[in-house]
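Worksheet for the structure shown next.
What's counted below: heavy atoms across the whole structure, side chains too, no hydrogens, waters or symmetry copies. Letters A, B, ... mirror the listed sequences (proteins, then strands); counts begin at 1.
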Amino acid sequence: MPELPDAVVYERRVADGALNRTIAGTTVVDPLILGDGLEPHRLDEVLQGRTLTNTHRHGKHVFARYGHDTGWLAFHFGMTGRVQHVPNGEMPEYAYVQFHFENDGALAFECPRKFARVRLIDTPEAFVEAKDLGPDARRADVETFLEPFENRRGTIKGRLLDQSVVAGLGNIYADEALYQEGIHPRTTVPALSEDERRDLYEAVQAVLDAAVAVDADPEALDPDRFMLPHRYGDGRCPKTGVPLETETVSGRTAYYSPARQPPPE
DNA sequence: ACTGGCGCCTGTTTGC
DNA sequence: TGCAAACAGGCGCCAG
């Protein structure tokens with residue numbers, strides 16, 4: 001369930017559960033999960049006997065460096081991917097890629113829907129460049145964040161979801177940020193004033209910070225302030241009590257409060 | 001050059 | 001209750 005806050009949690013799990021441990025070997029249950037034509041035997045050859053020495057995150061991607069000046073693992077979680085450290089002999093059902101440590105359990109990369117990918121890359125910087133990812137939504141300052149929105153004409157929801165504009169936001173946290181700012185998801189970028197854009201940046205930061213603070217569990221957000229707990233609950237706007245409505249915007253289901261987010265002309 | 005729409009996968013929820 | 005359809009927190013690719 002992976003947007004930027006989930007990636008923060010997963011990076012932490014990799015750091016806590018996998019750094020500085022020797023990899024005894026890897027198991028690939030479904031090769032579809034390996035990206036860029038990576039073959040299971042090559043993943044194993046590359047990682048066997050090595051240790052992970054560093055982690056990094058950009059948007060929804062998590063990276064783990066192996067060895068020194070050798071290369072990085074890149075994790076992308078699709079819609080149902082996740083990682084967790086598991087004790088010896090307790091492998092979860094959808095752990096399609098497994099990293100086994102000497103005498104210390106394994107890191108399980110799970111993804112029931114098989115949209116997630118594990119890759120071997122040279123560096124995170126080169127990967128971000130090659131994938132044309134925009135600035136990380138949580139590290140970018142306001143100028144860096146807003147620059148890619150210049151000269152865009154589509155809906156604000158569509159642009160927030162576009163990883164080449166800003167990396168890290170997905171369907172639910174984009175909806176939450178727009179809710180906080182009172183902007184209808186179908187509003188176009190040119191229709192937003194400079195002040196509205198800056199306020200939206202602040203809202204994105206506040207939403208991501210709050211999500212990280214509850215370990216990326218949207219239902220654990222303060223139900224008096226955030227829409228997300230109600231998206232999965234009573235379906236009502238927490239600030240006005242009116243029922244939330246849905247609309248397909250840029251191919252995704254957008255939830256919004258009709259009382260706070262008036263539709264564009 | 002941009003944008004929105006479709007298909008990839010499969011487990012879970014919804015509706016007749 | 002049972003089964004089929006719709007849906008889901010993403011993204012690569014395609015056509016307009």
Side-chain angles (χ1 to χ4, degrees), chain A residues 1-10 29-37 57-62 74-83 92-97 109-119 127-128 130-134 136-138 147-180 185-191 204 207-208 210-212 214-221 226-233 235 244-256 264:
Chain A
M1 324 158 116
E3 299 184 26
L4 187 152
D6 308 87
V8 170
V9 170
Y10 298 153
V29 176
D30 190 336
L32 178 62
I33 308 308
L34 301 183
D36 302 337
R57 181 194 60 73
H58 189 100
K60 305 173 187 177
H61 289 267
V62 170
F75 299 108
H76 186 257
F77 302 99
M79 283 181 77
T80 56
R82 61 175 185 167
V83 287
E93 182 176 7
Y94 300 105
Y96 292 136
V97 180
F109 185 85
E110 306 158 72
C111 48
R113 262 176 90 183
K114 300 185 178 180
F115 288 160
R117 291 294 180 268
V118 172
R119 296 181 167 86
F127 181 80
V128 165
K131 287 285 177 185
D132 193 29
L133 297 179
D136 179 78
R138 197 158 183 245
E147 197 278 332
F149 287 87
E150 296 295 324
N151 303 315
R152 298 302 190 117
R153 332 179 235 103
T155 63
I156 185 60
K157 174 79 184 280
R159 289 322 95 215
L160 288 175
L161 294 180
D162 185 342
Q163 302 298 294
S164 71
V165 172
V166 173
L169 290 169
N171 198 40
I172 69 167
Y173 294 114
D175 277 359
E176 183 66 59
L178 292 170
Y179 170 78
Q180 293 297 322
R186 193 155 35 77
T187 307
T188 62
V189 174
V204 166
V207 166
L208 293 177
V212 168
V214 293
D215 292 330
D217 177 0
E219 297 186 64
L221 290 168
F226 296 100
M227 174 175 67
L228 283 174
H230 303 273
R231 181 187 188 121
Y232 306 106
L244 298 171
E245 292 184 3
T246 63
E247 185 173 311
T248 300
V249 179
S250 289
R252 310 299 305 283
T253 301
Y255 280 70
Y256 66 98

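Non-hydrogen atoms lying under 4.0 Å from DNA chain B are contributed by A/Arg152, A/Arg153, A/Gly154, A/Thr155, A/Arg159, all within residues 148-167 of chain A.
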Restricting to nitrogen or oxygen on both sides, can you table the protein-nucleotides 6-8 of chain C pairs closer than 3.5 Å?
residue: C/dA8; atom: OP2; partner: A/Thr253; partner atom: OG1; Å: 3.2
residue: C/dA8; atom: N3; partner: A/Arg113; partner atom: NH1; Å: 2.9

**Fill in**
DNA chain C in dot-bracket form (Watson-Crick or G-U pairs under 3.5 Å, [ ] crossing, | inter-strand) is .|||||||.|||||||
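Nucleotides C/dC7 and B/dG5 have their P atoms positioned 15 Å apart, rounded to a whole Å. A gap of 16 Å separates the C1' atoms of B/dC6 and C/dA6, to the nearest Å. Atom P of C/dG12 sits at a distance of 23 Å from the matching atom of B/dG11, rounded to the whole Å. Rounded to a whole angstrom, the distance from the P atom of C/dA4 to that of B/dC9 is 22 Å.
The side-chain heavy atoms of A/Leu4 and A/Leu169, taken from C-beta on, include no pair separated by under 4.5 Å. Proximity of A/Val97 to A/Phe75: side-chain heavy atoms (C-beta onward) are nowhere separated by under 4.5 Å.
Using a cut-off of 4.0 Å between Lys/Arg side-chain N and Asp/Glu carboxylate O, A/Lys157 and A/Asp175 are scored as salt-bridged.
A/Asp36 is linked by a side chain to side chain donor-acceptor pair (under 3.5 Å) to A/Arg119, counting only residues two or more places apart in sequence or in another chain. Partners of A/Asp217 by salt bridge (Lys or Arg N to Asp or Glu O under 4.0 Å), not counting sequence neighbours: none found.
A ring-centre distance under 6.0 Å is found for A/Phe127 and A/His61.
A cation-pi arrangement is present between A/Lys114 and A/Tyr96 under the rule of less than 6.0 angstrom and at most 45 degrees off the ring axis.
Close approach of DNA chain B to chain A, defined as any atom under 4.0 Å from a non-hydrogen atom of the protein, starts and stops at B/dC2 to B/dG11.
Taking atom CZ on A/Arg119 and atom P on C/dG10, their separation rounds to 16 Å, with Å as the unit.
No aromatic stack links A/Phe77 and the base of C/dG10, using centre distance under 5.5 Å and interplanar angle under 30°.
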**Item:** Working for salt bridge (charged side-chain N to carboxylate O under 4.0 Å, His left out), residues A/Glu3 and A/Lys60
**Value:** CA-CA 5 Å; A/Glu3 299 184 26; A/Lys60 305 173 187 177; 5.7 Å; no
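A/Tyr232 comes within 4.0 angstrom of a nucleotide base, judged by non-hydrogen atoms across all strands.
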